[in-house]
There are 2 protein chains.
Amino acid sequence: MATIKDIAKAAGVSVTTVSRALNGYSDVNEKTRIRIRKVADELNYSPNAVARSLVMSKTKTIGLLVSELNRSGAKDMFMFEVMCGINDAASDNDYDLILFSTNPAKQQAKSYSQLCRERQVEGVIMQGIKSHDPYLQEIIDSNIPCVLVDVELEGENVGHVTTDNVFGSQMAVKHLINLGHEKIAMLNGHDQAAVSRKRLSGYRKALEEAGIPFKEEYVMNGEFREDQAETVAFNFLTRNNEVTAMFCASDLMALGVLRAARRIGISVPEKLSIVGFDDITLAQYSHPQLTTIAQDKYQMGYEAARLLTAMLEKSTKKRRIILDNQLVVRESTTQLNS
Amino acid sequence: MATIKDIAKAAGVSVTTVSRALNGYSDVNEKTRIRIRKVADELNYSPNAVARSLVMSKTKTIGLLVSELNRSGAKDMFMFEVMCGINDAASDNDYDLILFSTNPAKQQAKSYSQLCRERQVEGVIMQGIKSHDPYLQEIIDSNIPCVLVDVELEGENVGHVTTDNVFGSQMAVKHLINLGHEKIAMLNGHDQAAVSRKRLSGYRKALEEAGIPFKEEYVMNGEFREDQAETVAFNFLTRNNEVTAMFCASDLMALGVLRAARRIGISVPEKLSIVGFDDITLAQYSHPQLTTIAQDKYQMGYEAARLLTAMLEKSTKKRRIILDNQLVVRESTTQLNS
DNA sequence: TTGTATGCGTTATCAA
DNA sequence: TTGATAACGCATACAA
């Protein structure tokens, strides 16, 4: 592989001049520049980013830390779509992405800051992390800029992007209320998830505004899992047949509820209206198709990477981005016919 | 950030000794090693992989080149699942992954080898590339090891992993034949895809073996797209109502056919049996659920990365891995009742 | 068992 | 406008 040294020799100049010529500095004679460019082309030169990184202490690299990148996350294409957005924004801003996928075992072996410093990433985007993850504290303590997806942490070097979960849930529940429902249950994720707490509060708000009393017994957790949701919903629905609508904190769980309803013989939406959250691909393919709160997952990723690059270039003081959600009405909800 | 220099100073030894102590060389006194380790811990040292890469000319990095990593690929989680496998295998073999996403514009700007040399990746895994992609020739010419997913190229430095597409298709069509079908159409992808050619040949083979004449008019292309498949199938099925079964080169297209059939009023599977290919997540959620040929996407990725690392370490002469597929019978196929 | 010196490919400082 | 030289953090050949 040709280096600037080779070019220097071939062009009869010093490496300094080659470096400057190739990097577009003004203090180099146009003729020499052209000659050097020509030689570089002939030698099929490409700069060695590793060497450059070492001397500049800038790697132009963002670490993409994904907790448990695995098949189980495949169903809701959530991660993937976010990644697409991150990838595009990073690329637009001239950063490369290096993939770190962690799991508890790896976290034990290597600390967050070790991971980052080893590869000399300039910043990090984290996704799929739970609010009790041990890395979280390290992120705060560390001085390397980090943007979190769906974890509401802020600080000098840490920002986040999320969607308006409270309002999104309000929309969902309000939609049900507008359809005449009053006995509305909620199938939430789990208490460790920030989004779960937000969505619960949106649910309560909507009920409150409509003057419907909040009932503790109407709220349950499905761990964001389809099978778990099915089990929980099955038990709940067999016991509470006065309930006419259910708001689920994820589409995947809504799919589980759909199953449970089918098993019990409750027809959706005639006897039970269901609203999901996320608008995953599957939401359009289920029967009935899911009414849901759509999150722009691609946009979340895009904004996350954009925020990070802005932080890296110190061109912003912003540390929080909240995107709007949208109610998508499909087939799983309908007017209550009392 | 602490460097070995700092450690050397603090421990009162030379950088050489530090380097050797930390890298587990035998020619260093155990006591000094322990002291150095302690100092390193105190200074919260982590090695700088960039510097190490430069001097060793080994980056322990694999480039993951994904053509058009974007939302459109989100529906079939194909890429994502393959990526999960790649990620795991790379991690198991102590390589990191750097994400390159290309598109025609970027390819214009930067050649394959430039891309690789800049980041000094040791090897590359490519996915989602079409058989007329300009990078393909560069891959062959280049001396940097590369493993392709679903593109059957081989050479000194290039290998591939794919599944047995011919046999997979044979299984699919044979399944239909066993159910009594004889008028079996095929909805293929496009001619630029190697897998399409393979799957077509499997289709022909199965027909041949059963003594059913191959009919050119029964084969069409749907570009691997759901909407395109729907259109093509709609036109075809309205004109050829003698056809009782259709083999699709992807599940996504099978979903399109399902739509077309519904629009026309052909019930599936009673009047039309459909077999897909891939076994994407959606296949289990459609109505009826798709009978399909399952490819182990995760395994494809895992094997790809494993093959590449083996090539990098020159521990194998193998350049081709072919995985078996599996027929998964669900609800979209049934006995022909004539 | 330890240290000195050199180099990896690049950019940056300073002098010419 | 150009060049000599040092530096980035690390590994290694060689010397001690």
Side-chain angles (χ1 to χ4, degrees), chain A residues 1-37 39-40 43-61 94 96 113-122, chain B residues 1-37 39-40 43-61 94 96 113-122:
Chain A
M1 295 302 104
T3 70
I4 49 171
K5 237 184 227 168
D6 302 319
I7 300 177
K9 203 171 295 173
V13 291
S14 75
V15 290
T16 315
T17 310
V18 176
S19 174
R20 281 191 294 229
L22 260 26
N23 288 313
Y25 280 64
S26 60
D27 57 352
V28 43
N29 190 298
E30 265 317 303
K31 279 184 184 166
T32 13
R33 188 196 303 278
I34 289 168
R35 184 157 43 95
I36 289 173
R37 279 239 182 81
V39 176
L43 264 45
N44 195 14
Y45 169 79
S46 18
N48 182 330
V50 172
R52 181 181 285 162
S53 295
L54 183 60
V55 61
M56 313 242 299
S57 24
K58 267 197 181 257
T59 53
K60 276 287 181 181
T61 304
D94 220 28
D96 279 334
S113 87
Q114 272 180 324
L115 201 64
C116 296
R117 280 179 310 172
E118 255 181 39
R119 281 297 185 167
Q120 303 279 107
V121 298
E122 296 186 32
Chain B
M1 296 302 103
T3 71
I4 49 171
K5 231 185 233 166
D6 302 319
I7 299 178
K9 202 171 296 172
V13 292
S14 74
V15 291
T16 315
T17 310
V18 175
S19 174
R20 280 191 294 227
L22 260 27
N23 288 314
Y25 280 64
S26 60
D27 58 353
V28 42
N29 188 299
E30 264 319 302
K31 278 183 185 168
T32 18
R33 188 197 303 278
I34 288 169
R35 185 157 43 96
I36 289 173
R37 281 239 180 82
V39 175
L43 264 46
N44 196 12
Y45 169 79
S46 20
N48 183 330
V50 173
R52 182 180 283 162
S53 295
L54 183 59
V55 61
M56 313 241 300
S57 23
K58 268 197 181 254
T59 53
K60 277 287 183 179
T61 305
D94 220 28
D96 278 334
S113 87
Q114 272 180 324
L115 202 63
C116 297
R117 280 180 310 171
E118 256 181 38
R119 280 297 184 167
Q120 303 278 107
V121 298
E122 296 186 31

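All heavy atoms count here, side chains included; hydrogens, waters and symmetry mates do not. Chain naming here is simple, since letters A, B, ... match the order of the sequence lines and numbering starts at 1 in each.
At the phosphate of C:dT1, neither OP1 nor OP2 sits under 4.0 Å from any side-chain N or O atom of B:Lys31. Contact annotation: B:Ser53 side-chain N/O to C:dC8 OP1/OP2 distance is not under 4.0 Å. Note on B:Tyr25: every side-chain N or O is 4.0 Å or more away from OP1 and OP2 of C:dT2. Proximity of A:Arg52 to the phosphate of C:dT11: a side-chain N or O atom is located under 4.0 Å from OP1 or OP2. Taking only side-chain nitrogens and oxygens, B:Ser19 comes nearer than 4.0 Å to OP1 or OP2 of D:dA11. At D:dC8, one or more side-chain N or O atoms of B:Lys5 fall inside 4.0 Å of OP1 or OP2 (strictly under the cut-off).
Per the geometry, CG belonging to B:Leu22 stands 16 Å off P belonging to D:dG9, to the nearest Å. Rounded to an integer number of Å, the gap from CG of B:Asp27 to P of D:dA13 is 11 Å. In this structure, B:Arg117 places its CZ atom 13 Å from P of C:dG9, rounding to the nearest Å. The distance from atom CG of B:Leu54 to atom P of D:dC8 is 14 Å, rounded to the nearest whole Å. Taking atom OH of A:Tyr45 as the reference point, atom P of C:dG9 lies 10 Å away to the nearest angstrom. Separating the CG atom of B:Asn23 from the C1' atom of D:dC10 is a distance of 9 Å, rounded to the nearest angstrom. The separation between A:Met56 atom CE and D:dG9 atom C1' is 16 Å, rounded to whole Å.
Within residues 7-16 of chain B, the residues that have a heavy atom under 4.0 Å from DNA chain D are, in order of number, B:Thr16.
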